[in-house]
Amino acid sequence: MDEPRGSGVLRHQALHEGFVAARGPQHGFAEAIDRHIDQYFGPVEFVYHEFASHLVGVHIYVVAPTEERPYRTLVTSGMSELPMTVPAGHGISPYAELMISLPDDWPLTEGSGLGEPAGWPLRLLKQIARLPHEYGTWIGEWHSVPNGDPAEPYDADTAFAGVVVTPMLRVAPEARTIEVGNGARIALHALIPLHPDELAVKLERGTDALIEVLDRGRLTELLDPRRPSYATP
């Protein structure tokens, strides 16, 4: 898993010039995602629907806080409209969706969010969900993505400037896979935003070193917007 000298930055060339209309969900995929969200996360409060989508329609389901999960959970539906370009031999599904959890007082409403300063986690989900289709690549566990080159904060109100894709830790392990039927399955990954020096750990020292950082901070898919960097002990 680990890259002894770090993974560096892989730069991909966009496959498309201009807008490419999404073709819509594959048969049974959207319904399977709906069932999965209800079973493992709770009732949906509202959905940020996307219209006239580029490549894939990335809708974001906002799950209301519950007694068991006293925070909001955001789950994408639409990244799996197209398969990712997964190299042969990896043995993983070419279909994926993403999630992140936010404190229950995070200022999101059905009528606002994406364009607001506090909407940067929404924009992050959409950015990463579209990335593999835009560049003919794939997203899987322990992949990290800087916000630009050089990396810049997602918003003026946050220091986070990159993200790592991880397994979810606040749900049962079986929640990490959405079973569609007929042999199809969708991997459901968590996103953990990173400080620039945490991102540098992955790029310079590799995956195992970044996992040590995450363990040091006991970081999970529940975002703490005020947390410090854990890049140094």
Side-chain angles (χ1 to χ4, degrees), residues 37 40-46 48 58 60-76 97-110 112-129 131 139-148 151-173 175-176 188-205 207-233:
I37 291 173
Y40 290 104
F41 299 100
V44 173
E45 191 173 7
F46 55 86
Y48 289 104
V58 185
I60 299 179
Y61 284 62
V62 179
V63 180
T66 64
E67 184 174 345
E68 183 180 359
R69 296 172 58 84
Y71 39 83
R72 280 193 172 96
T73 298
L74 279 54
V75 184
T76 66
E97 297 289 350
L98 306 171
M99 63 80 65
I100 191 171
S101 292
L102 304 176
D104 62 355
D105 60 352
W106 196 278
L108 293 180
T109 66
E110 188 171 4
S112 65
L114 276 171
E116 304 296 325
W120 67 264
L122 300 169
R123 298 190 291 272
L124 171 61
L125 285 166
K126 288 178 177 284
Q127 173 193 349
I128 303 303
L131 184 149
I139 290 292
E141 291 180 2
W142 309 117
H143 287 186
S144 58
V145 182
N147 186 39
E152 297 182 351
Y154 291 110
D155 188 80
D157 293 335
T158 183
F160 297 120
V163 70
V164 62
V165 181
T166 75
M168 296 182 292
L169 297 178
R170 291 176 172 264
V171 293
R176 298 173 184 171
L188 180 55
H189 301 302
L191 296 184
I192 298 181
L194 300 175
H195 288 273
D197 54 352
E198 294 171 333
L199 184 63
V201 169
K202 167 69 184 304
L203 299 179
E204 297 170 5
R205 294 165 49 199
T207 299
D208 285 352
L210 177 60
I211 292 175
E212 290 179 6
V213 169
L214 301 181
D215 288 345
R216 188 179 302 138
R218 298 182 179 179
L219 300 181
T220 71
E221 62 268 26
L222 177 55
L223 174 64
D224 177 358
R226 292 173 292 277
R227 74 168 181 84
S229 170
Y230 293 102
T232 56

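On a predicted model such as this, the values are computed, not experimentally measured, just so you know. Computed over heavy atoms, backbone and side chain alike; hydrogens, waters and symmetry mates excluded.
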Starting at CG of Leu98, measure out to CG of Leu191 and round the result to the nearest 0.5 Å.
-> 5.0 Å
Going by heavy atoms in the side chains, are Leu131 and Ile139 under 4.5 Å from each other?
-> yes
What heavy-atom pair brings Leu214 and Val164 nearest, and what distance separates the two atoms?
-> CD1-CG1, 4.4 Å
With Ser101 via side-chain hydrogen bond (donor to acceptor under 3.5 Å, both in side chains) - residues at least two apart = Thr73
For the residue pair Trp120 and Trp106, categorise the inter-ring angle as parallel (less than 30°), tilted (30 to 60°) or perpendicular (more than 60°).
-> perpendicular
Selection residues 212-223 - residue pairs positive for side chain to side chain donor-acceptor pair (under 3.5 Å), sequence neighbours left out | Arg170-Thr220
Given side chains that start at C-beta, do those of Pro117 and Tyr154 come closer than 4.5 Å, heavy atoms only?
-> no
Return yes if some donor-acceptor pair links the side-chain N/O of Lys202 with the main-chain N/O of Ala209 below 3.5 Å, else return no.
-> no
Contact summary for Pro153 and Ala161, nearest pair of heavy atoms = N-CB, 3.9 Å
Output for pair (Phe41 CZ, Arg69 CZ), nearest 0.5 Å, gives 5.5 Å
What are the two closest non-hydrogen atoms of Leu199 and Ser144, and how far apart are they?
-> CD1-CB, 4.0 Å
What pair of heavy atoms forms the shortest contact from Leu188 to Ala175, and how long is it?
-> CD2-O, 3.9 Å
Would Ile128 and His143 count as a side chain to side chain contact (heavy atoms under 4.5 Å, CB included) if you check the C-alpha gap in whole Å, the side-chain angles of each, and the deciding distance to 0.1 Å?
-> CA-CA 11 Å; Ile128 303 303; His143 287 186; over 6 Å; no
Show which side-chain atoms of residues 223-230 pair as donor or acceptor with protein atoms under 3.5 Å away, not counting sequence neighbours.
residue	atom	partner	partner atom	Å
Asp224	OD1	Arg226	N	3.1
Arg227	NH1	Glu198	OE1	3.4
Arg227	NH1	Glu198	OE2	2.8
Arg227	NH2	Pro193	O	3.0
Arg227	NH2	Glu198	OE1	2.8
Ser229	OG	Asp197	OD1	2.8
Ser229	OG	Asp197	OD2	3.1
Ser229	OG	Ala231	N	3.2

Got a sec, which residues hit side-chain hydrogen bond (donor to acceptor under 3.5 Å, both in side chains) with Tyr48, two or more places apart in sequence or on another chain?
-> none
Side-chain touch Leu102/Leu74, heavy atoms, less than 4.5 angstrom = yes
Partner set under ring pair (Phe, Tyr, Trp, His ring centres under 6.0 Å) for Tyr71, not counting sequence neighbours = none
Tell me, do Arg176 and Leu169 make a side-chain contact under 4.5 Å, heavy atoms counted?
-> yes
From OG1 (Thr166) to CG (Leu210), nearest 0.5 Å | 9.5 Å
Stepwise side chain to side chain contact (heavy atoms under 4.5 Å, CB included) test for Leu122 and Leu108 | CA-CA 10 Å; Leu122 300 169; Leu108 293 180; 3.8 Å; yes
Atom CD1 in Ile100, atom CG in Leu222: separation rounded to 0.5 Å?
-> 9.0 Å
How many angstroms lie between atom CE of Met168 and atom CD of Glu141, to the nearest 0.5 angstrom?
-> 9.5 Å
Tyr40: what forms a ring pair (Phe, Tyr, Trp, His ring centres under 6.0 Å) with it, not counting sequence neighbours?
-> His36
Closest non-hydrogen atom pair, Phe46 against Thr109 = CZ-C, 3.5 Å
Salt bridge (Lys or Arg N to Asp or Glu O under 4.0 Å) with Arg123: which residues, sequence neighbours excluded?
-> Asp155
What residue pairs, at least two apart or across chains, pass salt bridge (Lys or Arg N to Asp or Glu O under 4.0 Å) with a residue in residues 98-109?
-> none
Results of side-chain hydrogen bond (donor to acceptor under 3.5 Å, both in side chains) for Thr232 - residues two or more places apart only | none
Check against side chain to side chain contact (heavy atoms under 4.5 Å, CB included), Asn147 and Gln127 | CA-CA 9 Å; Asn147 186 39; Gln127 173 193 349; 3.8 Å; yes
Among all residues two or more places apart in sequence or in another chain, which pass the salt bridge (Lys or Arg N to Asp or Glu O under 4.0 Å) test with Glu45?
-> Arg72
Closest heavy-atom contact between Val44 and Ile37?
-> CG2-CG2, 3.9 Å
